*Asks:* 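This structure is in structure tokens; I'll ask about it shortly.
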Amino acid sequence: MQILWAVLILAGLGLILGLGLAVASKIFHVEVDTRVEDITKILPGANCGACGFPGCAGYAEAIVSEVAESLSLCKPGLKAGKPEEIQKYLAEHPNPDGSMNKVKLK
């Protein structure tokens, strides 16, 4: 009988805590801008930091948030035509408010 009560209590706690986690995941959900991931895939993936940002993901984040000065900061991607690819991608995928990204080739 004691084992049955222990199992029921643990099952009840698991159910309550699981529901609490499900509700918390809905309440604290953060929208992720998919453009950051897409631009990271376009970049060469060298993660060299030559652009002045911590790796390709950091540079992609700076481009999307319009903090980067230019699309030409990626030294490994310059010869491969990556800035032009990123510029084309940004033209096809505007900001959520409909405005165009202000980071340009220089």
Side-chain angles (χ1 to χ4, degrees):
M1 190 64 172
Q2 288 179 337
I3 292 176
L4 179 63
W5 278 110
V7 169
L8 289 175
I9 289 172
L10 283 176
L13 280 172
L15 182 67
I16 291 170
L17 293 175
L19 288 173
L21 285 173
V23 169
S25 73
K26 296 292 182 187
I27 292 173
F28 297 114
H29 176 73
V30 176
E31 288 292 326
V32 177
D33 195 346
T34 57
R35 296 179 303 157
V36 174
E37 294 172 12
D38 294 338
I39 292 174
T40 302
K41 290 177 187 173
I42 294 172
L43 290 168
N47 290 324
C48 60
C51 59
F53 295 96
C56 293
Y59 184 42
E61 178 84 30
I63 291 171
V64 170
S65 64
E66 300 180 5
V67 173
E69 302 163 3
S70 168
L71 296 176
S72 302
L73 295 177
C74 179
K75 305 302 183 219
L78 272 176
K79 292 183 182 176
K82 299 301 181 180
E84 290 81 10
E85 276 186 63
I86 295 170
Q87 186 177 34
K88 180 182 175 195
Y89 176 81
L90 289 174
E92 295 170 356
H93 299 86
N95 294 331
D97 63 358
S99 66
M100 295 304 293
N101 193 299
K102 296 177 183 131
V103 181
K104 301 290 181 200
L105 292 171
K106 287 186 182 175

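Note that the structure is predicted; figures quoted are calculated from it, not measured.
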*Asks:* Linking directly or through intermediates, with side-chain heavy atoms under 4.5 Å: list the remaining ILVMFWY members grouped with L15, chain and number order.
*Replies:*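 So far as hydrophobic clustering goes, L15 is joined with L19.
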
*Asks:* By the rule that ILVMFWY residues connect when side-chain heavy atoms come within less than 4.5 angstrom, directly or transitively, which residues belong alongside L17?
*Replies:*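 L17 clusters with nothing; isolated.
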
*Asks:* Give, for atom CD of E92 and atom CD of Q87, the distance between the pair rounded to the nearest 0.5 Å.
*Replies:*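 E92 atom CD to Q87 atom CD measures 11.0 Å (nearest 0.5 Å).
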
*Asks:* Write out all pairs satisfying side-chain hydrogen bond (donor to acceptor under 3.5 Å, both in side chains) with one or both partners inside residues 25-43, taking only residues at least two apart or from two chains.
*Replies:*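 Those involving residues 25-43 are H29-E31, D33-R35, R35-N95, D38-Y89.
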
*Asks:* Any chain of hydrophobic side-chain contacts (each under 4.5 Å) joining L43 to L78?
*Replies:*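 Per the 4.5 Å side-chain linkage, L43 and L78 are not co-clustered.
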
*Asks:* Show your reasoning for whether salt bridge (charged side-chain N to carboxylate O under 4.0 Å, His left out) applies to E85 and K82.
*Replies:* CA-CA 5 Å; E85 276 186 63; K82 299 301 181 180; 3.7 Å; yes

*Asks:* Take atom CD1 in I3; do more than 12 heavy atoms of anything else shown fall under 6.0 Å from it?
*Replies:*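 For I3, atom CD1 is not crowded (no more than 12 foreign heavy atoms under 6.0 Å).
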
*Asks:* Report yes or no: do I16 and L21 belong to one cluster of Ile/Leu/Val/Met/Phe/Trp/Tyr joined by side chain heavy-atom distances under 4.5 Å?
*Replies:*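 Hydrophobic grouping puts I16 apart from L21.
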
*Asks:* Which atom names give the shortest non-hydrogen contact between P44 and G77, and what distance separates them?
*Replies:*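 The pair with the smallest heavy-atom distance is CG-N, 3.9 Å.
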
*Asks:* Through direct or indirect side-chain contacts below 4.5 angstrom among Ile, Leu, Val, Met, Phe, Trp and Tyr, which residues connect to L13?
*Replies:*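 The other cluster members (ILVMFWY side chains, heavy atoms under 4.5 Å, direct or chained) are I9.
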
*Asks:* Could you state the interatomic distance from CD1 (I39) to CG (N101), rounded to the nearest 0.5 Å?
*Replies:*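 Between I39 CD1 and N101 CG, I get 7.0 Å after rounding to 0.5 Å.
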
*Asks:* Looking only at non-hydrogen atoms, find the nearest pair between M100 and A91 and report the distance.
*Replies:*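 That closest heavy-atom pairing would be CE-CA, 3.4 Å.
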
*Asks:* Quick check for you: to the nearest 0.5 Å, what is the distance between E84 atom CD and I42 atom CD1?
*Replies:*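 Between E84 CD and I42 CD1, I get 11.5 Å after rounding to 0.5 Å.
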
*Asks:* Only counting residues at least two apart or in another chain, list the ones meeting salt bridge (Lys or Arg N to Asp or Glu O under 4.0 Å) with E69.
*Replies:*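 In terms of salt bridge (Lys or Arg N to Asp or Glu O under 4.0 Å), with neighbours along the sequence ignored, E69 is linked to no residue.
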
*Asks:* Between L105 and L90, is there shared hydrophobic-cluster membership here, with clusters defined by ILVMFWY side-chain heavy atoms closer than 4.5 Å?
*Replies:*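 L105 clusters together with L90.
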
*Asks:* If you look only at distance, which donor and acceptor atoms sit under 3.5 Å apart when one is on a side chain in residues 50-59 and the other is two or more places apart or in another chain?
*Replies:*
residue: Y59; atom: OH; partner: S70; partner atom: O; Å: 2.8
residue: Y59; atom: OH; partner: L71; partner atom: O; Å: 3.1
residue: Y59; atom: OH; partner: L73; partner atom: N; Å: 3.3

